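One structure is given below, encoded as C-alpha cells.
If you're wondering where the values come from, they're calculated on a predicted model, not measured in any experiment.
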Amino acid sequence: MGEVYGGIDAATIDAMMAAEQAHYGATHPDAAARAGAGLPGFYQGVPMHWMRDWPMPFPFIVAQATGASLTDTDGHVLADFCLGDTGSMFGHSPEPVREALTAQAGRGLTYMLPSDDALAVGGLLTRRFRLPHWQVATTATDANRFALRVARAVTGRRRILVFNGCYHGTVDETFVRLIDGVPVNRPGLLGQFTDLTADTRVVEFNDIPALEAALADEQVACVITEPVLTNCCMVLPDPGFHAALRAVTRRTGTLLLIDETHTISTGPGGYSGAHGLEPDLFVLGKPVAGGVPASIWGFTDDVARRLDAARAATPAGHSGMGTTLSANALTMTCMRATLERVMTVEAYAHMELLAARLYAGLSDVIAAHGLPWHVVRVGARVEFICAPGPLRNGTQAEAAHAGPLEQAIHLALLNRGVLIAPFHNMMLVCPATTAAQVDTLVAAFADVTRILAQGKVTVGTV
C-alpha cells in the first residue's frame with residue numbers, strides 16, 4: 001500500500017499535482033518566458049530564496065496588488081489570502097499608508113533623528129498596547145533579538161526558554177527543537193557553529209509541569225512565545241495556560257516576552273489586548289507599518305528601571321541593539337498612518353466577520369467529504385490542517401504537516417484564482433477582503449477536496 005497524507009493516497013496527490021502543474025504552465029506564458037529558467041542574476045533564480053517555496057513550477061511575476069487582490073503579468077487576478085505572509089495583513093497599499101508614504105518622500109526618507117510622526121507614534125503605541133516604553137526596529141527578528149538582550153542584561157541570566165515548534169524570525173537562540181524528547185539545533189540551519197541548546201531550553205506548548213520544571217532553578221532570563229503557535233500547524237493555548245505561564249515566570253523571576261507578529265490578527269491590541277495578557281516585553285513586526293519594513297518592541301517600567309541600572313554599570317560602547325535605518329522617517333509616518341487609520345476597531349470587525357465565514361465554510365466542506373482534517377482560527381487568521389485536531393503542541397503540529405498534499409492543494413487553489421501562504425495552510429482576511437472573495441476560496445477548496453476525496457484526477461481537471 002502506498003503512502004497516505006491526510007487520508008489521501010499519494011498516487012491521487014501526485015496525479016493532481018501533475019495536472020495542476022501542466023495547467024499552470026499553459027496559462028502563464030509570460031512568467032514562463034521571463035522567469036521559467038529563473039530571474040537572471042539571482043541565486044536560485046529569485047531575489048529571496050523563500051520565493052522558491054511556492055508550489056508552482058516557476059514563480060509568476062506580480063504586476064500590481066491592491067486591497068485583497070493581486071494581478072500577475074499574465075493577467076490573472078487572484079483573491080489574495082496570503083497577503084505577503086502577514087506583511088500586508090491590512091491589505092496591499094492601504095490608502096492612508098500610500099498617502100503618508102507619498103508625502104514623506106518629499107521630506108526625506110531617513111535622517112536618524114525624530115520627526116513629528118515619531119512624537120505621535122510613541123503615544124499611540126503606549127495607549128494601544130499598554131506598555132510605557134518603546135523602541136522601533138526594522139524587522140521582528142531585530143526586535144526579538146534586542147528584547148532578549150535586554151532580558152539578559154536586566155536579569156543577569158544567560159538562558160532563555162522557547163516552546164517546541166516556535167518561530168521568532170531568525171533569532172539564533174530560538175532555533176531549538178525537541179526531537180524524540182531531546183533538545184537539538186533546529187534541522188536545516190546553515191553555518192550554525194554553536195550548540196544552541198547550551199543556553200536555550202525548550203518545552204512543549206501547553207505543558208505547564210514541564211514549564212515549571214524548566215524554570216525552577218531560576219536560571220532562565222526570559223520565556224519568549226507567541227500567544228498561539230502559528231508558524232506551524234496552528235496550536236491554540238489550553239484554557240488557563242497563559243495564566244499559569246505568567247504565574248510561574250513571575251514566581252521564578254523570569255521575564256515574559258510575547259511576540260504578536262502573527263497574532264495581531266486577533267484585534268487592535270493583539271491577542272494580549274483581547275485576552276488580558278501582561279507581558280514584560282512585547283514585540284510586533286511585519287504589518288505594523290502597512291507593509292513598509294518595521295517592527296516595535298516595548299517593555300514595562302520595571303524593565304526600564306533595571307535597564308537603566310544595567311546601562312549605568314556597563315562600559316561605554318555599542319549596545320548590540322539598533323540599526324542605522326531603524327525608526328527612519330518613512331517607517332514612522334507609515335506606522336502612524338497604520339495605527340491611526342488602518343488598524344481600527346471597524347477594520348477588525350470586518351475581518352472578524354469574514355474570517356468566521358471562511359472558518360465555517362471550510363469546516364463544512366471538510367465535514368461533507370468526511371476528511372480527517374480540521375480548521376482553526378485566531379481572529380482574522382485561519383488555517384485548515386490536514387489532520388485531526390485540535391493540536392496541543394509543536395510535536396503534534398509537526399506530525400500534522402502533509403507536505404505533498406498541502407502543495408497540491410495550494411497550487412490547485414492558485415489555478416482557481418486564490419492565493420494562500422506557501423509555507424503552511426495559512427489564510428488571512430484583511431479590511432479589503434470581500435464576502436465574494438471568501439466564497440470564491442470556499443468554492444475552490446470544495447472543488448479541490450472533492451477531486452481528492454473521490455480520487456478521480458484527469459487531464460483538464462482544473
Identify the two heavy atoms, one from [X] and one from [Y], that lie closest to each other, and give their separation to 0.1 Å.
X	Y	value
A408	M17	N-CE, 3.5 Å
A294	T331	CB-CG2, 3.4 Å
P132	T126	O-OG1, 3.9 Å
A397	L391	CA-CD1, 3.8 Å
I13	P404	CG2-O, 3.5 Å
P183	V202	CB-CG1, 3.7 Å

Is it the case that the side chains of [Y] and [X] hold a donor-acceptor pair, with the cut-off being a distance below 3.5 Å and no angle test?
X	Y	value
D259	N144	yes
T194	Q192	yes
T300	D302	no
T323	S326	yes
D74	H28	no

Please tell me if the side chains of [X] and [Y] come closer than 4.5 Å, counting only heavy atoms from C-beta onward.
X	Y	answer
L211	V248	yes
W54	P59	no
V228	M234	yes
V176	V184	no
D117	M335	no
T338	P287	no
D199	I160	no
N328	M112	no

Just checking [X]: does its [atom1] atom have more than 12 heavy atoms from other residues, nucleotides or ligands closer to it than 6.0 angstrom?
X	atom1	answer
R52	CZ	yes
R107	CZ	yes
Y111	OH	yes
M48	CE	yes

| task | Go through the steps to decide whether Y24 and F60 satisfy the test ring-ring contact (aromatic ring centres under 6.0 Å, His included), and finish with yes or no. | result | CA-CA 10 Å; Y24 179 89; F60 61 78; 7.0 Å; no

So does [Y] get a backbone contact from the side chain of [X], meaning a donor-acceptor N/O pair under 3.5 Å?
X	Y	result
W373	G6	yes
E260	S272	yes
N185	L196	yes
H374	A387	yes
Y348	G267	yes
R98	S93	yes
T333	L330	no
S88	G84	no
N206	D238	yes
D14	A11	no

| message | Go through it in stages, so that I can follow the logic: the residues are D301 and R305, the test is salt bridge (charged side-chain N to carboxylate O under 4.0 Å, His left out), and I'd like the CA-CA distance, side-chain angles, deciding distance and then a yes or no. | response | CA-CA 6 Å; D301 280 326; R305 175 185 58 78; over 6 Å; no

| message | Test salt bridge (charged side-chain N to carboxylate O under 4.0 Å, His left out) on E218 and R251; report intermediate values, then the result. | response | CA-CA 9 Å; E218 300 185 3; R251 186 169 66 248; over 6 Å; no

Supply the atom-to-atom distance [X] [atom1] to [Y] [atom2], rounded to the nearest 0.5 angstrom.
X	Y	atom1	atom2	answer
H424	N231	NE2	CG	4.5 Å
N415	M16	CG	CE	10.0 Å
L236	L229	CG	CG	9.5 Å
C232	N393	SG	CG	9.5 Å
I224	L281	CD1	CG	9.0 Å
Q407	Q21	CD	CD	9.0 Å

If the plane angle is over 60° it's perpendicular, under 30° parallel, otherwise tilted; pick one for [X] and [Y].
X	Y	answer
Y271	H242	tilted
H410	F384	perpendicular
W50	F423	perpendicular
F163	F205	perpendicular
W134	F129	tilted

| message | Test side-chain contact (heavy atoms from CB on, under 4.5 Å) on M426 and I420; report intermediate values, then the result. | response | CA-CA 6 Å; M426 190 276 293; I420 71 172; over 6 Å; no

| field | Qualifying residue, where the test is side-chain contact (heavy atoms from CB on, under 4.5 Å) with W297 and the options are V150, V136, L148, L131 | value |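 Going through the options one by one, the only one that passes is V150.
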
| task | Would you mind telling me which of L255, L307, D280 makes a side-chain contact (heavy atoms from CB on, under 4.5 Å) with F299? | result |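 The passing option is L307.
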
| Step by step, would you call T225 with L245 a side-chain contact (heavy atoms from CB on, under 4.5 Å)? | CA-CA 10 Å; T225 186; L245 170 61; 4.0 Å; yes

| task | Output every pair passing ring pair (Phe, Tyr, Trp, His ring centres under 6.0 Å) with a member in residues 209-230, not counting sequence neighbours, ordered by first then second residue. | result |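 Matches after skipping sequence neighbours: none remain.
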
| query | Salt bridge or not for E278 and R250, using N-O below 4.0 Å? | reply |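 Between R250 and E278 there is a salt bridge, with a charged N closer than 4.0 Å to a carboxylate O.
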
| Member of R152, R158, R145 meeting the salt bridge (charged side-chain N to carboxylate O under 4.0 Å, His left out) criterion with E173 |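 Running salt bridge (charged side-chain N to carboxylate O under 4.0 Å, His left out) over R152, R158, R145 with E173 returns exactly one hit, R152.
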
| said: Working note: K286 + D85, criterion side-chain contact (heavy atoms from CB on, under 4.5 Å); need CA distance, chi angles, decisive distance, verdict. | reply: CA-CA 9 Å; K286 288 192 180 179; D85 195 24; 3.7 Å; yes

| query | Can you list every pair that meets salt bridge (charged side-chain N to carboxylate O under 4.0 Å, His left out) and has a residue in residues 266-277, with sequence neighbours left out? | reply |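 The answer is none; no pair qualifies.
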
